[in-house]
Amino acid sequence: RMIDLNSRSGLSDRLNWLIDEGIDASVETPRTYLGCSAIGGECERSVQLEYAAYAGNRDAGREARCTASACPFPARVRRIFERGHDVEDRAARWLLSARLLLVTKDPLTGGQFEVSFLGGRLLGHADGILTCWRGEGDAPLPLPALWECKCLAHKYVMAARREHIRRSHPKYWYQMQLYMMGLHLDRGLITCVDADTMELYHELVPYDEGEAVKMLQRATRIFQATDAGELLPRAESTPAAVPCRMCRVAKVCWGA
């Protein structure tokens with residue numbers, strides 16, 4: 001029996017392969033630092049191994065470019081990242097239409113608001129700052145405030161509604177704490193966009209200096225261990241644990 005090369009499934013698979021090949025072949029600028037978005041991960045060794053790859057980009061002194069062979073993210077994940085950026089832009093416009101003045105670019109640099117710690121080895125880029133209310137009456141939240149936007153699957157938005165960001169998504173909480181420390185803000189607003197229903201969930205996050213300091217101490221510990229060629233302890237005792245099965249550096253971690 002001959003294979004039907006014109007079948008719909010065959011066409012879809014072929015086009016998807018070509019699209020993924022194009023995405024994988026595209027160059028991007030890899031990080032040379034540990035991001036504030038990563039520092040709050042549950043497993044310190046996982047965070048350390050990701051940082052070690054970034055540090056390798058910096059220490060090699062090479063041009064900051066990578067291809068599919070060097071980039072740890074597959075094409076599908078890079079598409080998810082791009083969707084997140086698109087949704088963030090739309091959410092910013094929605095807040096502006098609600099008469100909240102949102103500034104997403106640093107007027108001094110023209111880029112995102114950047115925070116830097118520990119000699120630039122720990123960096124982050126905030127989505128924006130809500131500066132003032134242009135409507136009538138009282139503002140719907142105290143201002144100014146950091147603004148962070150996340151596009152999440154329905155179940156993760158529902159978890160945030162039930163448990164609040166501190167418990168449901170601690171990485172986002174710690175990320176915002178560092179941003180608020182670096183930008184000298186007392187509060188932040190996180191906007192979660194439901195990728196399935198496009199419903200919005202907003203939560204006010206207060207600044208907690210102790211939480212930010214805890215992350216700086218963790219980053220210092222990671223940098224010192226990495227510089228000394230030491231591996232920090234794992235959060236799990238077996239590679240069969242669910243967090244390890246979902247971790248993208250698990251093979252390197254357990255193979256080490």
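Just so you know, these numbers use all the heavy atoms, side chains as well, and skip hydrogens, waters and symmetry mates.
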Colleague: Of all the heavy-atom pairs spanning Met181 and Ala212, show the shortest one and how long it is.
Modeller: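 Met181 and Ala212 have their closest heavy atoms at CE-CB, 3.6 Å.
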Colleague: Just by modelled atom types, is the Cys43 backbone N or O under 3.5 Å from a matching donor or acceptor in the Glu236 side chain?
Modeller: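 A pair under 3.5 Å: no.
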Colleague: Are Leu95 and Val103 connected, step by step, through hydrophobic side chains (Ile, Leu, Val, Met, Phe, Trp, Tyr) whose heavy atoms are closer than 4.5 Å?
Modeller: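 No, it is not one cluster - the side chains of Leu95 and Val103 are not joined through contacts under 4.5 Å.
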Colleague: For the CZ atom on Arg90, are there more than 12 heavy atoms of other groups (residues, nucleotides or ligands in this structure) within a distance under 6.0 Å?
Modeller: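 Open.
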Colleague: Distance only, no hydrogens: is a donor on one side chain within 3.5 Å (strictly under) of an acceptor on the other, for Arg166 and Tyr174?
Modeller: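 Judged by distance alone, the side chains do pair up.
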Colleague: In this structure, are over 12 heavy atoms from other groups packed under 6.0 Å from Met198 atom CE?
Modeller: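 More than 12 heavy atoms, drawn from other residues, nucleotides or ligands, come within 6.0 Å of this atom.
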Colleague: Quick check: are there more than 12 heavy atoms from other residues, nucleotides or ligands sitting under 6.0 Å from CZ of Phe223?
Modeller: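 Check passes, neighbour count above 12.
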Colleague: Hey, any chance Tyr172 and Leu200 share a hydrophobic cluster, counting ILVMFWY side chains that come within less than 4.5 Å of each other, even indirectly?
Modeller: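 No; tracing contacts between hydrophobic side chains, which count when under 4.5 Å, never links both residues.
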Colleague: Please say whether more than 12 non-hydrogen atoms of neighbouring residues, nucleotides or ligands are located less than 6.0 Å from CD in Glu163.
Modeller: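 Yes, enclosed.
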Colleague: Hey, is the main chain of Cys151 close enough, under 3.5 Å, to the side chain of Arg83 for a donor-acceptor pair?
Modeller: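 No, Arg83 side chain to Cys151 backbone: no donor-acceptor pair under 3.5 Å.
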Colleague: Can you list every pair that meets salt bridge (Lys or Arg N to Asp or Glu O under 4.0 Å) and has a residue in residues 187-209, with sequence neighbours left out?
Modeller: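 Matches after skipping sequence neighbours: none remain.
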Colleague: Would you say Arg167 has more than 12 foreign heavy atoms packed within less than 6.0 Å of its CZ?
Modeller: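 Atom CZ in Arg167 is not packed in, count stays at 12 or less.
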Colleague: Step by step, would you call Val115 with Met180 a side chain to side chain contact (heavy atoms under 4.5 Å, CB included)?
Modeller: CA-CA 9 Å; Val115 296; Met180 286 185 280; over 6 Å; no
Colleague: For side chain to side chain contact (heavy atoms under 4.5 Å, CB included), just list the numbers for Leu118 and Leu34, CA-CA rounded to whole Å, side-chain angles, deciding distance to a tenth of an Å, and then say yes or no.
Modeller: CA-CA 10 Å; Leu118 305 176; Leu34 177 59; over 6 Å; no
Colleague: Using 0.5 Å steps for rounding, measure from the CG atom of Leu18 to the CG atom of Asp13.
Modeller: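 Nearest 0.5 Å value for the CG-CG distance: 11.0 Å.
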Colleague: Counting distance only, does the side-chain N/O of Arg45 pair as donor-acceptor with the main-chain N or O of Leu232 below 3.5 Å?
Modeller: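 It does hold such a pair.
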Colleague: Mind listing the closest non-hydrogen atom pair of Pro239 and Arg245 along with its distance?
Modeller: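 In this case the closest contact between Pro239 and Arg245 is O-CG, 3.7 Å.
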Colleague: Would you call Arg79 and Glu82 a salt bridge, taking side-chain N to carboxylate O under 4.0 Å as the test?
Modeller: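 The answer is no: the pair does not qualify as a salt bridge.
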Colleague: Considering non-hydrogen atoms only, spot the tightest contact between Cys149 and Asp127 and give its length.
Modeller: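 Scanning both residues, the minimum pair turns out to be N-OD2, 2.8 Å.
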Colleague: Sort out for me which residue in His169, Lys150, His202, Gln175 forms a side-chain contact (heavy atoms from CB on, under 4.5 Å) with Ile190.
Modeller: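 Option passing the side-chain contact (heavy atoms from CB on, under 4.5 Å) with Ile190: Lys150.
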Colleague: Is any side-chain heavy atom of Arg221 closer than 4.5 Å to a side-chain heavy atom of Arg218?
Modeller: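 The answer is yes, as the side chains (C-beta and beyond) meet within the 4.5 Å cut-off.
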Colleague: What closest approach, in Å, do Ala159 and Ser168 show between heavy atoms, and which atom pair accounts for it?
Modeller: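 So the two residues come closest at O-CB, 3.6 Å.
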Colleague: Drop me the distance from Leu143's CG to Asp186's CG, to the nearest 0.5 angstrom.
Modeller: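 Rounded to the nearest 0.5 Å, the CG-CG separation comes to 12.0 Å.
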Colleague: Output, in order, the C-alpha distance, side-chain angles, deciding distance and verdict of side chain to side chain contact (heavy atoms under 4.5 Å, CB included) for Trp147 and Leu100.
Modeller: CA-CA 11 Å; Trp147 182 63; Leu100 283 162; over 6 Å; no
Colleague: Atom OG1 in Thr226, atom CD in Gln224: separation rounded to 0.5 Å?
Modeller: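 Here the rounded value is 10.0 Å.
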Colleague: Look only at the side chain of Tyr179 and the backbone of His125, and say whether a donor-acceptor pair between them is shorter than 3.5 Å.
Modeller: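 Yes, because the side chain of Tyr179 sits within donor-acceptor range (under 3.5 Å) of the backbone of His125.
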Colleague: Could you grab the distance from atom NE2 of His154 to atom SG of Cys192, nearest 0.5 Å is fine?
Modeller: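 Nearest 0.5 Å value for the NE2-SG distance: 13.0 Å.
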Colleague: Where is the tightest heavy-atom contact between Leu102 and Leu96, given as atom of each residue plus distance?
Modeller: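 It is N-CD2, 3.5 Å.
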Colleague: Taking the side chain as every heavy atom from C-beta outward, state whether Trp173 and Val205 have any pair of such atoms under 4.5 Å apart.
Modeller: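 A side-chain contact exists here, since the closest heavy-atom pair is under 4.5 Å.
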Colleague: Set out, in order, the CA-CA distance, both residues' side-chain angles and the distance that settles side chain to side chain contact (heavy atoms under 4.5 Å, CB included) for Ile222 and Ile39, then state yes or no.
Modeller: CA-CA 9 Å; Ile222 288 172; Ile39 186 62; 4.0 Å; yes
Colleague: Honestly curious: do Leu146 and Met215 fall in one hydrophobic cluster under the side-chain, below-4.5 Å linking rule?
Modeller: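 Both belong to a single hydrophobic cluster.
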Colleague: Following the transitive rule for hydrophobic clusters with a side-chain heavy-atom cut-off under 4.5 Å over Ile, Leu, Val, Met, Phe, Trp and Tyr, establish whether Val157 and Trp94 coincide in one cluster.
Modeller: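 As far as the 4.5 Å side-chain criterion goes, Trp94 and Val157 are not connected within one cluster.
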Colleague: Verify the cluster assignment for Phe113 and Phe117: are they in a single hydrophobic cluster under the rule of side-chain heavy atoms below 4.5 Å apart?
Modeller: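 Yes; tracing contacts between hydrophobic side chains, which count when under 4.5 Å, links both residues.
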Colleague: Drop me the distance from Thr220's OG1 to Arg121's CZ, to the nearest 0.5 angstrom.
Modeller: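 So the gap between those two atoms works out to 9.0 Å.
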Colleague: Quick check for you: to the nearest 0.5 Å, what is the distance between Ser37 atom OG and Leu123 atom CG?
Modeller: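 It is 10.5 Å, given to the nearest 0.5 Å.
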Colleague: Ignoring hydrogens, what is the shortest heavy-atom contact between Arg99 and Trp133? Give both atom names and the distance.
Modeller: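 So the minimum-distance heavy-atom pair works out to O-CE3, 3.4 Å.
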